[in-house]
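For ligands, and for the atoms within them, numbers begin at 1 and follow the listed sequence.
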Amino acid sequence: MHHVTTLGEFIVQKQEDFPYAKGDLTSLLSTIRLASKVVNREVNKAGLVEDISGSSGEENIQGEDQQKLDIYADEVFIAAMLNRGEVCGVGSEENDEFIAFDNETSKNGRYVILMDPLDGSSNIDVNVSIGTIFSIYRRVSPVGEKAIIDDFLQPGTEQIAAGYVIYGSSTMLVYTTGNGVNGFTLDPSLGTYCLSHPNMRFPDDGKIYSINEGNYIKFPEGVKQYIKYCQVRDEDTNRPYTSRYIGSLVADYHRNMIKGGIYIYPTTESAPNGKLRLLYENNPLAFLAEQSGGVATDGYQRILTIKPNDLHQRTPLFIGSKIMVAKAMEFMKEFKNSK
Ligand code: AHG
Ligand code: MN
Ligand code: MN
């Protein structure tokens, strides 16, 4: 029989890439793998079970409606982290403050994790792909103590691993530890993630642009001009491009990484820093993009070098195939000062 590499086997094989990690990064990735299967089970029943569909009636710190699955996924990941002891703290889009675990095992944990437990939550009730995004850093505070804010406010270049789970027509876990990007598809009959997309590469160029064009009149001039560029016919550059926007960042990113494309969430008049969160969304996807040959910027500068000063900080995001992002950035530069 053709041998299929499972995620568990792959993680163990790759352990030698991290001489400093003493196996605890390996266990942390296994913890994420386990939690994602629990969330996956619930996501799959979203239309069936009353108590996980719909709004919770609460808002998160950013004033966004929290869905029951947002909260459920948040709790599952946090509980898994707490029980396994590899991380000393968790920062989550769904929690106002970071959580510093207060038990002895966790205080000895050498990592912190930042996550968007459920991305694309407006798509839960309509059976459209959603995801989980995670980002892992080595702590800067001393091992044995409680985590502090500085552990979380590190630039994305310091990430030691990042990835996402996409709950789509099949469920996939895609991650990087800084040695390329690999994708694993969950075989539901076995409950096992199997290596299905080894060494994923972002095509250098593409034909897909993904942006919420409903906000068009609120976009900066550079973005408006770039959209026009995408729509104009030009055989040499394969234009017009195709517009695809799911409204789940993970799903839009995943499609573009496979097919080639650009995703933009720019500033708008009402959201002067854009909508997406640097620590939970932009940094992990930027790390994955760069590791697969793509690019991620805020329109002017590389996402990964931005020094965060707030847990819930937002930045614009231009992410995708390198030729496409470079073109969009040319427009941003050219029209920087136009209103
Ligand atoms: P979340 O569900 O974690 O709050 O994220 C939603 C994000 C992202 O997934 C998506 O790309 C974007 O919001 C869509 O925003 P618009 O509806 O403004 O286009
Ligand atoms: Mn999100
Ligand atoms: Mn979310």
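- When each atom of ligand 1 is checked for a heavy atom of E281 under 4.0 Å away, the hits are 3 (O), 5 (O).
- Under the 3.5 Å distance criterion, with hydrogens and angles disregarded, no donor-acceptor pair is assigned to the side chains of Q13 and E9.
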Applying side-chain hydrogen bond (donor to acceptor under 3.5 Å, both in side chains) to D74 and N95, what does each step give before you reach the verdict? CA-CA 9 Å; D74 191 47; N95 298 307; 3.0 Å; yes
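- Only the side chain of R277 comes within 4.0 Å of ligand 1, counting heavy atoms alone; its backbone N, CA, C and O stay farther away.
- At least one heavy atom of L118 sits closer than 4.0 Å to an atom of ligand 1.
- With hydrogens and angles disregarded, no donor-acceptor distance shorter than 3.5 Å links the side chain of S248 to the backbone of V250.
- Given atom 18 (O) of ligand 1, the protein heavy atom at minimum distance is Y265 OH, 2.6 Å.
- No side-chain donor-acceptor contact under 3.5 Å links S30 and R84.
- Ring-centre distance between Y164 and F134: not below the 6.0 Å cut-off.
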Could you give me the CA-CA distance, side-chain angles and deciding distance for E290 and R302, then say whether salt bridge (Lys or Arg N to Asp or Glu O under 4.0 Å) is met? CA-CA 10 Å; E290 290 195 4; R302 190 177 167 212; 2.8 Å; yes
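- Counting atoms of ligand 1 from 1 in the listed order, those under 4.0 Å from a heavy atom of E93 are 1 (P), 3 (O), 4 (O).
- The nearest protein atom to atom 10 (C) of ligand 1, hydrogens excluded, is given as G247 O, 3.3 Å; this is a heavy-atom distance.
- Looking only at heavy atoms of the protein, atom 5 (O) of ligand 1 is closest to D119 OD1, 3.2 Å.
- Proximity of D116 to ligand 1, defined as any heavy-atom pair under 4.0 Å, is confined to the side chain (atoms from C-beta onward).
- For atom 13 (O) of ligand 1, the closest heavy atom belonging to the protein is K275 NZ, 2.9 Å.
- Residue-ligand proximity, N212 to ligand 1, at heavy-atom distances under 4.0 Å covers atoms 16 (P), 17 (O), 18 (O), 19 (O).
- Side-chain atoms of Y167 and T132 include a donor-acceptor pair closer than 3.5 Å.
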Step-by-step side chain to side chain contact (heavy atoms under 4.5 Å, CB included) determination, F318 to Y265: CA-CA 7 Å; F318 292 61; Y265 208 108; over 6 Å; no
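- Atoms of ligand 1 found under 4.0 Å from any heavy atom of Y245 (numbered from 1 in listed order, with element): 11 (O), 12 (C), 14 (C), 15 (O), 16 (P), 19 (O).
- Considering both main-chain and side-chain atoms, L249 comes within under 3.5 Å of ligand 1 through a nitrogen or oxygen pair.
- Among the atoms of N215, none of the N or O lies under 3.5 angstrom from an N or O of ligand 1.
- Side-chain atoms of S135 and N283 include no donor-acceptor pair closer than 3.5 Å.
- Checked by distance only, ligand 1 and S248 stay at 3.5 Å or farther apart across all their nitrogen or oxygen atoms.
- Judged purely by distance below 3.5 Å, without hydrogens or angles, the side chains of D70 and S121 pair a donor atom with an acceptor atom.
- Inside a sphere of radius 2.8 Å centred on the Mn ion (ligand 3), the protein N/O/S atoms present are E93 OE2, D116 OD1, L118 O.
- Residue contacts with ligand 1 for D252 are absent, since no atom lies close enough (heavy atoms, distance under 4.0 Å).
- Atom OE2 is the N/O/S atom of E281 found closest to the Mn ion (ligand 2).
- With 3.5 Å as the limit, one finds a donor-acceptor pair spanning the side chains of T315 and N282.
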From CA spacing to verdict: side-chain hydrogen bond (donor to acceptor under 3.5 Å, both in side chains), N44, N40: CA-CA 6 Å; N44 270 294; N40 179 63; 3.1 Å; yes
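- The side-chain tip of R239 points at the ring of Y229 from less than 6.0 angstrom away and within 45° of straight on.
- For ligand 1 and G120, the ligand atoms under 4.0 Å from any heavy atom of the residue are 1 (P), 2 (O), 3 (O), 5 (O), 9 (O).
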Audit row: M172, L186, side chain to side chain contact (heavy atoms under 4.5 Å, CB included) steps and yes/no: CA-CA 6 Å; M172 278 189 74; L186 185 63; over 6 Å; no
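- At a heavy-atom cutoff of 4.0 Å, ligand 1 is contacted by the side chain of Y263 but not by its backbone.
- With 3.5 Å as the limit, one finds no donor-acceptor pair spanning the side chains of Y253 and S210.
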